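So that the names make sense, note that chain A is the first sequence line, chain B the second, and so on, each numbered from 1. From a predicted model like this one, the values you see are computed outputs, not experimental measurements.
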There are 2 protein chains.
Amino acid sequence: MEQLFELFFRNGLRPLSLLDGAAELESKMNRSELAALLTIRYRGRLTMSELATELGAPLSTVTSLAQRLVRKGWIERTRSDADQRVYWVRLTDEGKAIGDRAYATMSVWFERVQAALTPKELEQFLALALKVGKALQQDKGAKEKPAAGKEKLSRIRIDD
Amino acid sequence: MEQLFELFFRNGLRPLSLLDGAAELESKMNRSELAALLTIRYRGRLTMSELATELGAPLSTVTSLAQRLVRKGWIERTRSDADQRVYWVRLTDEGKAIGDRAYATMSVWFERVQAALTPKELEQFLALALKVGKALQQDKGAKEKPAAGKEKLSRIRIDD
DNA sequence: GCCTAATACTACGAAATCGTATTAATAATC
DNA sequence: GATTATTAATACGATTTCGTAGTATTAGGC
């Protein structure tokens, strides 16, 4: 439990810090640029505010971050027709190329995880992790409706 | 694989706002100060380099971070007798008090996780999460020279 | 419609972070 | 034991982040 605690803090406070080996990527971009790229790649397109909340950063920070990425030619921003206040952010072709490379680099980590677990374990882990993730994302103020994701998971054996 | 990826994005990139709701504490420190405080609290005392690797930050960053914390009166640094190059970092009484408060605030997160899972599920989740953590940390084919200047990340010890 | 409130974002200066160069102390080699 | 290499940390300038104030646009009363 202690160890999990450590893991949790480390990753909770400084995401991506557990994962080294992104050296090749990190020479071209820093952590937040990588996170932004991956997020935009994953979401397709989003607004500045959405990007900010996804990244857990203040909007003003994301403004400059986005400016940098535009300068690098990796993303483009277009003003929304429906609401002139909002800007849509999406990857350019070059951004996509870089994003794909980043993804490829990272998928090594996912493969490692898959290799380490049996299919059953993986399934179980995913289910539980989703539950935990959901629990963590809830607004603290919100008075917790227990229902939704609470169906019970069957127990499986975990090999060491 | 898809699911793992999704999981990673939904929860892996965004730092948690751990002090969320404790406005009183939040106004006193930023994320890295919190992380440092908790790390030192957890470890008792450590050297500057150790702190840097624990935090996943470069040493030069930790130098200024530590200066700030000294100024705030939360930590103290003493030069090691055994090796004059190293400084031991530990919490002052005031630092301990604040650290305790921060920890208490944060334990809400654990309660949430516990509330979301049955005891059996929790047990399974812990076991699996540790396995995954271990898998992520294992060195891939160490083909790279440490690329001068890049700090190595500390491994979290995970027992079976 | 008009006025006020809320929202989406940018501007800007202050603070934090990072990479690289440098200093000082210890370890290793001969 | 002198010389070189390595390690632990700081110095410093450049870049990034952040909080706050400001601007423009849309939403909500009435």
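One interatomic measurement links the two molecules: CZ of B:R31 to P of C:dT17, which rounds to 11 Å at whole-angstrom precision. C:dA24 atom P lies 13 Å from atom CD of B:Q84, rounded to whole Å. Distance, B:K28 NZ to D:dC18 P: 21 Å, rounded to whole Å. Put simply, CE on B:M29 is 19 Å from P on C:dA15, counting in whole angstrom units. The separation between B:W88 atom CH2 and D:dA8 atom P is 11 Å, rounded to whole Å. Between A:L59 atom CG and C:dT7 atom P there is a gap of 14 Å when expressed in whole angstrom units. With rounding to whole Å, B:E33 atom CD is found 13 Å from D:dC18 atom P. In this structure, the CG atom of B:D83 is 12 Å from the C1' atom of D:dT6, given to the nearest Å.
Using a 4.5 Å cut-off between side-chain heavy atoms of Ile, Leu, Val, Met, Phe, Trp and Tyr, with links allowed through other members, A:F110 and A:L37 fall into the same hydrophobic cluster. Hydrophobic clustering (ILVMFWY, side-chain heavy atoms < 4.5 Å, transitive): B:L59 and B:L46 are in one cluster.
Distances shorter than 4.0 Å separate none of the side-chain N or O atoms of A:S60 from OP1 or OP2 on C:dA11. Distances shorter than 4.0 Å separate none of the side-chain N or O atoms of A:R68 from OP1 or OP2 on D:dT15. Checking the phosphate oxygens (OP1, OP2) of C:dC9, no side-chain nitrogen or oxygen of A:T63 falls inside 4.0 Å. In terms of phosphate contacts, B:S32 brings a side-chain nitrogen or oxygen within less than 4.0 Å of OP1 or OP2 of C:dT17. The side chain of A:R79 places an N or O atom within less than 4.0 Å of a non-bridging phosphate oxygen (OP1 or OP2) of D:dT25. Residue B:R77 places no side-chain N or O under 4.0 Å from the OP1 or OP2 atom of D:dA9. For the pair B:R71 and C:dA16, the criterion of a side-chain N or O lying under 4.0 Å from OP1 or OP2 is not met.
Across the interface with DNA chain C, nearest-nucleotide mapping of A:Q67 and A:R85 shows A:R85 to be the residue nearer the 5′ end.
Proximity note for B:T61 (side chain, C-beta onward) versus D:dT16, D:dT17, C:dC18: the nearest is C:dC18. With distances taken from any side-chain atom of B:N30 to the nucleotides C:dA16, C:dA25, D:dT16, the minimum falls on C:dA16.
Using cut-offs of 30° and 60° on the angle between ring planes, the pair B:F125 and A:F125 is parallel.
A salt bridge is defined here as a Lys NZ or Arg NE, NH1 or NH2 lying under 4.0 Å from an Asp or Glu carboxylate O, and A:K72 with A:E33 meets this definition. Taking 4.0 Å as the cut-off between side-chain N and carboxylate O, B:E50 and B:R43 count as a salt-bridged pair.
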